Amino acid sequence: MPTGRLAVWMVVVSEIVVFGGVLASYIMHRLAHDAWSVQAAHTNMWIGAFNTFVLLTSSLFVAFAHKAAEEGDGVKASNFLWMTVAGGTTFVIVKALEWTSEITAGYTITSSTFWSFYYTAAGLHALHVIAGVVILMIIAMQARKQMELHRVELIGIYWYFVEIVWFFLFPLLYIAK
Amino acid sequence: MAETLTAASSHGEHAHGEMSFWSKYVFSTDHKVVGLQYMFTGIFMGLIGGFMAYAFRMQLAFPGVEVPGYGLVSPVDYNALVTNHGTIMIFWVAMPVLVAAFGNYLIPLMVGADDMVFPRLNRLSYQVFLLSAIVLICSFFVEGGGFGGAWTAYPPLSAQSQYNLTPLGSSLWLVAVGLEFVAFLIGGINFITTAMNSRAPGMKAYDIPMIVWMIVVASIMFMASVGPLLAGAVMLFMDQNIGTAFFDPDRGGDPILWQHLFWFFGHPEVYVVLLPATGLVADIITVFSRKKLFAYRTVLYTVFATGVLSFTVWAHHQFVAGIDPRMAHVFTVTTLLISIPIAEMMFVYIATLYGGSITLTTPMLWALAFIAEFLIGGVTGVFLGASGADIYFHDTYFVLAHFHYTFFPIAIIGFYAGISFWFPKMFGKMMNETLGKIHFWGTVIPFNLIFIPLFVLGASGQHRRIYDFSHFPNLSAPWQQDLRILATSALLVMLAFQSVFLVNFVWSLWKGRKAGKNPWKSNTLEWTAESPPPHGNWSELPTVYRGPYEYGVPGRDSDYWPQNEPN
Amino acid sequence: MIERYLPAASTYAGEVDFLINLILVLVGSCFIVCEVVFFWLIFRFRKKEGVAPEYITGELKSHKRWITIPHMVVLVFDVIIVVFAIKVWYDVKQDLPPADHTVRVVAQQWAWTFAHPGLDGAIDTADDIITVDELHVKVGSLYHFRLESRDVIHSFSVPVFRLKQDAIPGRVITGWFEATMTGTWDIQCTEICGIGHGLMPARIVIETPEQHAAWMAQKSPLSIAAVTAAPSAEE
Amino acid sequence: MSEEHMHHPNYLKIWAMLVGLLVVSVAGAMVGIRVVTLITAFGVACVQAYLVAKNCMHIGAARRFVPYLVATALVLMLLFFSGAAPDVMKPAGVNWVKPAWQEAAVEHDVSLHEARH
């Protein structure tokens, strides 16, 4: 098994437990406090659903990029990666707009423990998205020059992981009310 | 693909030929240099931690006295000293020296690789670690002083500055610990992938030296346990600085949550540092008793069993800390269960000695001392794991003496065993045996004289983290004070004897006998490289034909059989 | 082992001490056997000229026996210890016998506040006797304590009772004790609670019922009121 | 690249399935029955995660050690939850209560009650 792929899986495992710690803590508190449903009602499911869709689509492009890279077509892979970058950027921008509207409505990170968890969990995830976007851009630039094509697959694994975390954050933060 | 890539990248490094001092020793990607960087940083931090122990032990033995070299130990200082002594000794001494220094230095050499699979990540890991050490040291000197809420950092004390009165110190402490975890995550990923993917041709799973197995298992455990605490550290940091209330009961949080997050990591962490130490002890006792390791597979299974079980025992640190009483039953059972694989590991080591031809060289003395002393740490742990007895012993000096009887053998004895064994490989010179033995007895005897009195004091009810016991009538009997003075005096003797080691180290570097490739007649691959190994380790990478512990094989002229020797 | 240093002054202290002694005997014997075998092996198999080391893989059943039998012994000892530990824990921490009296114990940085029931026998009434750093209890009466913390985590430890319980802010934890001998002993805070952690000693005063009644008569708000009212009635 | 070329499923089809599942979870939330919402939302999340891990991350193509390790990490989180929840999740237990949490729960019930009338 290629070393890089093994290493990325190790990264994924260590990230699973980081998010696992936050989410387990959140779920415990959420189940303990029925009253949080009042707070949770203020999150906007439609924005969350839109962001899920954006992430889904961006990782479709990562899959295409991986396929192109395996065929040795760096330019095509690079093009797909840039589309993923666009998806990730859209996700972050939408998130920023969403937070802006929530903060202006008075729901800040210190409003209640629900909002603390909301901003912490989503913020930690958003940081991972931002980091992913930066790495995607570097790899896209390298791939265009036909360099380090195996890295396309590696960033793909990481990007899917970020997507899977969002699959769980979406119901936890936006649907369960 | 991976192999060609690593080879390509490290050959790229070779191509420079003569490198400048900076790129050779400071910004090197060579696993050996990174390992030594970790080791020297660890030793330096160990000196700081030792100095802290000196300052607060002096205060305990002679309350209110001006400690030479430190000054008056105020209650604020005392708390900061014990907190940072604990933090430093575990995270900045035991971890870097045992896991990172020996892991970096030995894994590629022992599995027959020219370097780690990710040399630049390896360098990054050390740089992050160094940064964390600098942040921690800075935290002592900020306004309000260093963090003084114990290394476990229980909120609300650690979370709210109106309680701990060290607003900046506690945040910096937390940042330092977080950075240190990141450094070891990066390093651990490197260890695991190297040991899995870069092994020499022919080296199968059961041909891997024990210390490599142990460091890999330790890295996996670290990776799987540190996440919740990293998440908890983020939450605690926000509680400190943004005003969230994750651990504030008045605003919907729960302080017990932190204890769970902390100990879910904290207990496996004990085994993360224990395993590398037991691994190197296995390697040393087999060499100096010229014996095959007794039941290699059994040892491996005990390691796996320990690894798995260690995740299920964490709440025994919290028996009286406000958890539901029913949970204590579960954790008592799991805690006593974990004694079985660890006891079995010790039995295996003792059985390995049977039928051997034992020479008591300095590394062997250290390795045997590890077994003898760690047994004390192990059996006293049973008192604390049994919930009913822990009601009395929790947070007394009995606990303190217990975990020093585990951590001292692990971190200090383990380190000295490793360094005296691999010094010839690392620096190409032999260490002085006489000085080594003086240092050994001068460390091990005072060590017992420090902590056996503390067991007695703990049994008499003396509780922890108190800067002056004269406020407690039941704890200020003359015999108790005498024991405190005895412990402190023994500490002073022990600290003084460490200078013998430093002298030996420097003297041997300068004037030691040339070591040659394989001074101990050992089987493992690192002894087939030059001493010290050049960048790239071997001109031609070795091939492996057998396991690492084939000593005294009947029908052979020599009593050892190197792993790379064709049949 | 513990009674040599500190008397046992509660009904369950004997149980805890018995458990500690039991563990001491069981693991102590394992420990001594291990160390004796260990040092004997080092001595017996020291290097001698012309004696080659034996080649033992340890994979044979007849060799593994030397590991598996001690391992079974450890397992049996563990089971015994678990059974007794759970029994003691259940009695001390989980099972609350009905109380004769209840006291409230409040920890804060850096003092203990104790609320004793006054003459009316109940707490949280106007008749409570509030003391700082001094807890008065009657020998032979079963007390419940309600443990609270105002700020950070503290720990309520009474070594002569073999009792210890952390005080967690945001929680009220109930426990029990029954003193069996009179005397004055330390109460310690055993969880680090800030810079004054070392200055948080309190005392427990265990009295005979008569002494306790006298103390109560002297301190109870009701009886003080009665005493101050009395002279006017006599006049 | 890797020695054997990876088997590439039809990514567009998987993408369509994922989008379909997203619609299901949103629709489940619109129904307004709490149990249905929770089952669809978390059920969908699990199915989506499985689809992505299997088809896109190619977890099956990784060394067998990897899926075991991932499963272990998930089990550990479950273990952490079950170890910590009896203390953190409950407003009261054997011989202990959290008064502030109980009060908050009572207040919430009262306000719900008032809202209904």
Side-chain angles (χ1 to χ4, degrees), chain B residues 75-76 79 149-150 154 156-157 163-165 249 255 290-292 294-295 320-322 325 328-329 332-333 336 339-340 343-344 347-348 350-351 353-359 375 379 382-383 386-389 391-392 394-395 459-461 463 465-468 471-474 552-554 559, chain C residues 1-2 5-6 16 19-20 23 27 31 34-35 37-38 41-42 45-47 52-59 64 66-67 70-71 74-75 78 81-82 85-86 88-89 92-94 151-153 159 162 164-166 168-171 173 185-186 188 190-195 197-199 201:
Chain B
V76 187
N79 283 356
Y154 284 179
L157 181 64
Y163 297 144
N164 59 39
L165 306 176
R290 315 308 292 169
K291 271 292 304 290
K292 192 179 167 71
F294 191 90
V320 301
H329 303 320
T332 298
V333 173
L336 286 191
S339 69
I340 292 169
E344 185 146 331
F347 294 154
V348 166
I350 293 172
L353 298 175
Y354 181 88
S357 173
I358 298 170
T359 35
L375 272 173
V379 294
V382 178
F383 291 90
S387 51
I391 302 171
Y392 183 67
H394 183 81
D395 263 339
S460 75
H463 53 309
R465 295 164 184 150
I466 300 294
Y467 80 104
D468 182 356
H471 302 290
F472 295 89
N474 292 161
V553 180
D559 64 353
Chain C
M1 172 171 83
I2 305 301
Y5 307 111
L6 200 63
V16 176
L19 174 65
I20 291 170
I23 299 174
V27 304
F31 170 72
C34 275
E35 295 279 2
V37 171
F38 175 72
L41 286 176
I42 295 175
F45 294 102
R46 66 193 184 280
K47 185 174 181 164
E54 291 178 45
Y55 184 77
I56 301 167
T57 61
E59 306 285 351
K64 264 202 180 140
W66 291 99
I67 300 297
H71 161 149
V74 173
L75 182 64
D78 275 356
I81 294 169
V82 163
I86 286 181
V88 171
W89 178 266
V92 178
K93 290 284 181 181
Q94 192 172 334
D151 35 46
V152 301
I153 296 178
R162 313 290 186 260
K164 189 172 288 142
Q165 177 62 53
D166 281 14
I168 312 287
R171 274 170 212 229
I173 298 170
W185 306 97
D186 279 346
Q188 304 169 343
T190 51
E191 190 63 65
I192 192 163
C193 56
I195 58 170
H197 173 56
L199 294 166

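Within every chain, numbering begins at 1; the chains are lettered A, B, ... in the order of the sequence lines, protein sequences first and strands thereafter. Worth saying up front: this structure is predicted, and the values here are computed from it rather than measured.
C:Trp89 places a side-chain N or O within donor-acceptor distance of the main-chain N or O of B:Pro325, the cut-off being under 3.5 Å. Side-chain atoms of B:Lys291 do not come within 3.5 Å of backbone N or O of C:Ile56 as any donor-acceptor pair. The main-chain N or O of B:Val320 is found under 3.5 Å from a side-chain atom of C:Gln165 such that the two form a donor-acceptor pair. Panel note: side chain B:Asn79, backbone C:Gly194; a donor-acceptor pair is recorded below 3.5 Å.
In this structure, chain B has a heavy atom under 4.5 Å from the backbone of C:Cys193, while its side chain stays farther away. Contacts between C:Ile168 and chain B at a heavy-atom distance below 4.5 Å involve the side chain alone, from C-beta outward. Proximity to chain C (any heavy atom under 4.5 Å) is restricted, for B:Pro255, to the side chain, taken from C-beta onward. Looking at B:Leu375, the atoms closer than 4.5 Å to chain C (heavy atoms on both sides) sit in the backbone and in the side chain alike. Proximity to chain C (any heavy atom under 4.5 Å) is restricted, for B:Tyr154, to the side chain, taken from C-beta onward.
If you tally non-hydrogen atom pairs under 4.5 Å between each of B:Val333, B:Val348, B:Leu353, B:Thr332 and chain C, the highest count goes to B:Leu353. When each of B:Ser460, B:Ser339, B:Gly388 is checked for heavy-atom pairs under 4.5 Å with chain C, B:Gly388 comes out on top. Chain B forms more heavy-atom pairs under 4.5 Å with one residue of C:Pro159, C:Gly170, C:Ala52, C:Pro53 than with any other, namely C:Pro53. In terms of non-hydrogen atom pairs under 4.5 Å with chain C, the most contact-rich of B:Val553, B:Asn164, B:Leu165, B:Asp559 is B:Val553. No other option in C:Lys164, C:Glu35, C:His197 has as many heavy-atom pairs under 4.5 Å with chain B as C:Lys164. Counting heavy-atom pairs closer than 4.5 Å to chain C, the top residue among B:Ala328, B:Ala343, B:Pro75 is B:Ala328. Ranked by heavy-atom pairs under 4.5 Å with chain C, the first of B:Ala351, B:Gly461, B:Gly356, B:Pro554 is B:Gly356. Per-residue heavy-atom pair counts under 4.5 Å with chain B were compared for C:Leu19, C:Val37, C:Ile81, C:Ile20, and the maximum is reached by C:Ile20. Ranked by non-hydrogen atom pairs under 4.5 Å with chain B, the options C:Ile153, C:Val16, C:Val92 are led by C:Ile153. Residue with the most contacts toward chain C among B:Gly552, B:Gly149, B:Ala295, B:Ala386: B:Ala295 (heavy-atom pairs, distance under 4.5 Å). Interface summary for chain B: among C:Ile23, C:Asp186, C:Ile195, C:Ile173, the most heavy-atom pairs under 4.5 angstrom belong to C:Asp186. For the options C:Val74, C:Thr57, C:Leu6, heavy-atom pairs under 4.5 Å to chain B are most numerous at C:Thr57.
Within the model, atoms OG of B:Ser357 and CZ of C:Arg46 stand 11.0 Å from one another, a figure rounded to the nearest 0.5 Å.
With sequence neighbours left out, C:Asp78 forms a salt bridge (charged side-chain N to carboxylate O under 4.0 Å, His left out) with no residue at all. In this structure, the side-chain hydrogen bond (donor to acceptor under 3.5 Å, both in side chains) partners of C:Asp166, at least two apart in sequence or on a different chain, are C:Ser155.
Nearest heavy atom pair, residue C:Ile192 against residue B:Ala150, reads CG2-CB, 3.6 Å. Residues C:Ala85 and B:Ser387 come closest through the heavy atom pair O-OG, 3.6 Å. The shortest non-hydrogen separation linking B:Val382 to B:Leu336 is CG1-CD2, 3.8 Å.
In this structure, B:Pro249 and C:Arg171 have side chains that are not in contact, with every pair of non-hydrogen atoms separated by 4.5 Å or more.
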